[in-house]
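Since the structure comes first, as structure tokens, the remarks are kept for the end.
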Amino acid sequence: MTIEQKTEERRNRTFNSRILGHVVSCNGAMATISATEFSGETSLAAELSVGRLISIKVGDNRIVALVYAIHSPTRTWTENAINVMHFEVELVGEIRDGGQQISFSAGISNYPTLGAIAHPIRLKDLNEVYAVNGTNPVTIGHLTQNADIAASISADALLDRHFAIVGTTGVGKSTAVSLLINRIVDACPDLRVLILDPHNEYAAAFKSRAHLIEADSLDLPFWMFRLEEFSEVLFRGQPSIPDEVDLLRDLVAEAKRNFKGEPSGGAFPNQGDKSSITSDTPVPYRMADLLALIDERIGHLDGRQEKPHLRALKVRIASAINDPRFHFMFSSKTINDTFAAVISDIFRIPGKGKPITSFQLSGIPSEVVNSVASVLCRIAFEIALWSDGAIRILVLCEEAHRYVPSDPKQGFLPTRQAVARIAKEGRKYGVSLGIVTQRPGELDPTILSQCSTVFAMRLANEHDQDIIRSALSNSSSSTVSFLSSIGNGEAIAFGEAVAVPMRMCFDRISEADLPKTASGHSSDASRSNKPGGSPDIRQIIQNMRHMREVFTPGVKAPLEPEDYLSQQEPQINPLHHQAGQANSVTAYASSSGLAADGARPPKASLGSVHSPDGRGSLFKDSLMNKKKPL
């Protein structure tokens, strides 16, 4: 055929023809479409580019197909000539045309035959494919294929079956999370959101509707921790010693039963019910009582094998009390029964116009972050459980692979169990889980498989792509293959909250509403008022040493164990003392260098029992110089 004949044939083609090609093979899930590209034309290539949806005519219905590969059967391309192309498509579903009304079904009743005509998908068909059939539809962006069609999800389906946002660093995960949470809260005003924020970046994104909890303002009493969680604090993330944990279990339970304080909120076991209290029961006790019980056991004539473990346990407790980083656990506010106030503050019950809590974890010691996360996730589930689902809570775990790593030997078991319980049972009681991670390959696959909706942003790692492919029951290799090349702010959404896998772009949000680091403040707000905005190096060092409030000259330190213990009235039951034995709390106070009235001698100073030489340690005398029979 001459060039003139080719040009004439191209002119004779109707420009608005909807025919793209014809089916030349079909195996039930995939099909191959053969198309002819005329010299100089680009419309066909635009309609049949990888990642786009097309239609295949089958009787009165239309099969929706996704183009995932394109190739030439001869593996050659000739300029100024007619070229035949083959397009590999995946069959997505079926548009059933009932005349005036159309409907989309993910199932296919009649498969395309050889020679079936492929054509560009109609706009109304595209809208029907991505229409949200569930309740509470929420628009979060637009389709990549057509910016005029909104990308919508079902908020209820998203929350009922959990969700995950995955993507490599810098692709816009935090921005997507901010957009998603804001839109969901608008659609579900009764929802309470707890964000475990390790980078302190979400406070700026939610502004007036978020309650910010920082390490400096946090009060999470030590008695709210279960035994395993409290042991994690005492052992600083290292393997625990079973003998010490067994002793701690008995002593903590006894200290809780000895507590004589009045409840400040909620029911509190009366004296007759206290026999049922265990070390895991969330009721208050005083650290002075616990230490006094340890001293009492050390003073017993029997139990020689326990004494080394008791002394070691006492050192660990004293070390935690002395550590300024644990101020949020051992401040004076944590002595009383503040359970109701703590729950109300963290989980926004009532919301008071701020249904979102941004829990900033960066100021919490890294060795106990898992323990704190365990407490929060566990309490979130128990609130929903014991309220019979009256409170709807979403727990969002940023950098989730830290809490539930894929390796069972890593991480903290109670944290893994708390998150897994929400993932497996949370939907029964109204607790939802949101997972955000840049390394899905390092996340427990069981947790990810419980997330029925996934927003997969760009993932370059092949192992991470394999995890996404295997974790999703309705995913396909053709769709997941796009993950390594999609742009920033773009995602492929799978699962219960969307009708079919959807390649979409998140809506852009204003610069002022973007997540920011440095506790949610702008970079200018984190600088000092010095000329040029240069930082105060002394303030930085104080922050690194956690001395912002502890060693302020002329101001009494809020976390001095001497004061902390002296404020707590000993509550030891006299029946537990041997006849003729002096009150162990009094002996403890005198051996620690405290006066009878709790005043500190002139030479006393804040110290740490784990300091190299023990100088300045509150418990130096108590641990080193006490003369008691073995």
Side-chain angles (χ1 to χ4, degrees), residues 156-166 184 191-198 220 223-233 237 240 249 278-283 339 342-343 346-349 357 359 361 368-437 440 442-454 467 471 473 495-496:
D156 288 343
L158 187 78
L159 296 173
D160 289 344
R161 299 298 184 104
H162 315 306
F163 67 92
I165 299 178
V166 300
I184 291 175
L191 181 68
R192 300 293 179 262
V193 182
L194 173 64
I195 302 176
L196 302 183
D197 184 4
L220 193 64
W223 48 263
M224 289 179 60
F225 288 61
R226 284 189 171 177
L227 180 67
E228 286 182 300
E229 296 160 350
F230 189 54
S231 299
E232 179 80 357
V233 174
S240 59
R249 178 181 292 106
T278 68
S279 58
D280 290 337
T281 307
V283 296
F339 202 10
V342 171
I343 290 178
I346 295 177
F347 294 96
R348 312 308 301 151
I349 307 170
T357 299
F359 200 104
L361 296 173
V368 299
V369 164
N370 281 337
S371 185
V372 173
S374 174
V375 173
L376 297 174
C377 293
R378 173 175 55 80
I379 293 178
F381 182 87
E382 291 179 351
I383 289 174
L385 172 65
W386 296 111
S387 68
D388 294 327
I391 301 173
R392 199 175 188 185
I393 299 175
L394 167 63
V395 178
L396 184 73
C397 295
E398 176 73 53
E399 301 289 355
H401 56 273
R402 295 183 178 184
Y403 314 118
V404 280
S406 57
D407 187 352
K409 298 180 181 179
Q410 296 181 355
F412 183 42
L413 180 60
T415 307
R416 183 191 297 272
Q417 292 173 336
V419 175
R421 192 178 187 189
I422 295 176
K424 295 176 181 178
E425 304 177 41
R427 63 181 299 267
K428 302 176 185 177
Y429 307 105
V431 187
S432 306
L433 180 66
I435 294 295
V436 183
T437 180
E442 296 180 2
L443 182 70
D444 186 350
T446 303
I447 302 297
L448 187 60
S449 66
Q450 296 293 327
C451 297
S452 296
T453 301
V454 175
I467 292 296
S473 59
E496 296 288 338

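All heavy atoms count here, side chains included; hydrogens, waters and symmetry mates do not. Just so it is clear, the structure is predicted and the values come from calculations on it, not from any experiment.
Between V431 and L385, every side-chain heavy-atom pair lies at or beyond the 4.5 Å cut-off. Side-chain contact check for S374 versus E229: some heavy-atom pair is nearer than 4.5 Å. At least one side-chain heavy atom of F339 sits less than 4.5 Å from a side-chain heavy atom of W223. Between R192 and F347 the shortest side-chain heavy-atom distance does not fall below 4.5 Å. The shortest side-chain heavy-atom distance between F163 and L394 falls under the 4.5 Å cut-off. V342 places a side-chain heavy atom less than 4.5 Å from the side chain of I346.
Checking side-chain atoms of D388 against main-chain N and O of A390 turns up no donor-acceptor pair under 3.5 Å. Between the side chain of Q410 and the backbone N or O of D407 there is no donor-acceptor pair closer than 3.5 Å. Under a 3.5 Å cut-off, the side chain of S231 and the backbone N or O of L227 do form a donor-acceptor pair. Between the side chain of T357 and the backbone N or O of L194 there is no donor-acceptor pair closer than 3.5 Å.
To the nearest 0.5 Å, atom CD1 of residue I447 and atom CZ of residue R416 are 8.0 Å apart.
For the pair A373 and T415, the tightest heavy-atom approach, listed with the atom from each and the gap, is CB-CG2, 4.2 Å. Residue A423 comes nearest to Q450 through the heavy atom pair O-OE1, 3.5 Å, listed as atom of the first residue, atom of the second, then distance. Across all non-hydrogen atoms, the minimal contact from L196 to C377 is CD1-SG, 4.2 Å. Of all non-hydrogen atoms in S387 and A384, the two that sit nearest each other are OG-O, 3.2 Å. The shortest heavy-atom contact between A380 and I393 is O-CD1, 3.8 Å.
H162 and S432 share no side-chain donor-acceptor pair at under 3.5 Å. In this model, no donor atom of one side chain and acceptor atom of the other lie less than 3.5 Å apart for T453 and E496.
Between C397 and the options I195, L433, I422, L376, a side chain to side chain contact (heavy atoms under 4.5 Å, CB included) holds for only L433.
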